Amino acid sequence: MKKRLFFLAGTLVVVALVLAAFVWDAAQKEVVFLCPNFQPGVTEQSVIRQLETANLSRFKLVNDSISRRIIFDSAYNFGLYKCIVELNQEHQVIKAHLE
């Protein structure tokens, strides 16, 4: 009986790890594949519209005294993969890069 419980617990752990790896990879791909879409001159509205289509990622608009940026990442991989979209005063992309 104990062997059966250990086998079941081990199987559940392996399945959970495989699912976590799949979600991690999908979240990373969302960030990596969307970031190159943001070429110089693209409007902020267009960037936000595209980012809103992401299912596993999040974004935030950051305003400080010097610049305006959109930071796009995923909580599923703890924000390790980030796309930083820098905007000018006219709310157009200056550049986008992965960190």
Side-chain angles (χ1 to χ4, degrees):
M1 186 67 165
K2 282 188 177 184
K3 280 187 176 182
R4 185 177 239 170
L5 285 176
F6 282 127
F7 177 76
L8 181 60
T11 302
L12 290 175
V13 167
V14 169
V15 168
L17 288 173
V18 168
L19 287 174
F22 177 75
V23 170
W24 178 289
D25 184 57
Q28 181 254 343
K29 285 180 181 175
E30 245 181 20
V31 173
V32 170
F33 289 140
L34 276 176
C35 198
N37 289 348
F38 312 130
Q39 298 296 318
V42 174
T43 65
E44 179 182 323
Q45 284 181 329
S46 177
V47 172
I48 290 173
R49 192 170 38 251
Q50 289 182 59
L51 295 179
E52 286 175 340
T53 66
N55 295 318
L56 301 172
S57 303
R58 62 189 176 191
F59 69 92
K60 63 182 173 181
L61 189 57
V62 178
N63 280 314
D64 57 27
S65 61
I66 300 169
S67 66
R68 184 175 175 91
R69 295 174 291 153
I70 298 173
I71 300 173
F72 177 53
D73 66 0
S74 177
Y76 289 105
N77 52 30
F78 310 109
L80 290 176
Y81 307 96
K82 291 182 184 171
C83 177
I84 310 296
V85 182
E86 297 179 25
L87 304 166
N88 62 18
Q89 298 299 327
E90 291 79 36
H91 303 280
Q92 294 179 337
V93 174
I94 297 170
K95 72 176 185 175
H97 61 278
L98 289 168
E99 281 189 0

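For reference, positions follow the sequence shown, starting with 1. Since this is a predicted model, take the numbers as computed values, not measurements.
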field: Val93 vs Leu87, side chain to side chain contact (heavy atoms under 4.5 Å, CB included): CA-CA, chis, key distance, verdict
entry: CA-CA 5 Å; Val93 174; Leu87 304 166; 4.0 Å; yes
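Considering His91, Arg49, Gln92 in turn, His91 is the only one that fulfils the side chain to side chain donor-acceptor pair (under 3.5 Å) rule with Glu44.
Across all non-hydrogen atoms, the minimal contact from Ile70 to Ile48 is CD1-CG1, 4.1 Å.
Under a 3.5 Å cut-off, the side chain of Ser57 and the backbone N or O of Val31 do not form any donor-acceptor pair.
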Output a table of donor-acceptor pairs, distance under 3.5 Å, between side-chain atoms of residues 75-86 and any protein atom two or more places apart or on a different chain; print 'none' if there are none.
none

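The shortest side-chain heavy-atom distance between Leu17 and Val13 falls under the 4.5 Å cut-off.
Scanning for side-chain hydrogen bond (donor to acceptor under 3.5 Å, both in side chains) contacts around Arg58 gives Asp73, with sequence neighbours left out. For Asn55, the side-chain hydrogen bond (donor to acceptor under 3.5 Å, both in side chains) test picks out no residue, with sequence neighbours left out.
The side chain to side chain donor-acceptor pair (under 3.5 Å) contacts involving residues 2-11 comprise nothing, where partners must be two or more places apart or lie in separate chains. Sequence neighbours left out, not one pair with a member in residues 38-75 passes ring-ring contact (aromatic ring centres under 6.0 Å, His included). A side chain to side chain donor-acceptor pair (under 3.5 Å) check over residues 18-28, counting only residues at least two apart or in different chains, returns the pairs Asp25-Lys29.
Atom-to-atom distance recorded for Leu34:CG and Leu51:CG is 6.5 Å, nearest 0.5 angstrom.
A continuous path of Ile, Leu, Val, Met, Phe, Trp and Tyr side chains, each step under 4.5 Å between heavy atoms, connects Val42 with Leu98, placing both in one hydrophobic cluster.
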